[in-house]
Amino acid sequence: MNKITIPKDEYQALKRQSKAYRQLAGRLFEVVVHDDVGIVIEDFAKTKLYSKEFLADLEKGLRRSSYGKA
């Protein structure tokens with residue numbers, strides 16, 4: 001196994017940065033808002049870009065996924 005030696009102050013700075021990143025990433029994912037599956041399907045339907053079959057498959061998939069259970 002290879003070893004790398006860095007100054008203690010550099011190590012501590014990297015450790016602080018790592019902790020800050022983990023906290024930021026954790027908070028970012030806490031605030032992700034999940035819309036109701038029905039609302040998502042309505043929004044897709046309003047665009048008139050998707051077939052009824054696609055929308056039905058999308059709704060089925062969202063309800064089965066962790067998104068629909070959030």
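Of all the heavy atoms in Leu55 and Ile41, the pair that sits closest is O-CD1, 3.9 Å.
Distance check, rounded to the nearest 0.5 Å: CG of Asp57 to OG of Ser51 gives 8.0 Å. Interatomic distance, CZ of Arg22 versus CG of Leu24, reported as 12.0 Å (0.5 Å rounding).
A salt bridge links Glu59 to Arg63: at least one charged side-chain nitrogen sits closer than 4.0 Å to a carboxylate oxygen.
No continuous path of hydrophobic side-chain contacts links Ile39 to Phe44 [ILVMFWY only; heavy atoms under 4.5 Å].
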Anything under 3.5 Å between a donor and an acceptor, one on a side chain of residues 6-14, the other on a protein residue two or more places apart or in another chain? List them.
none

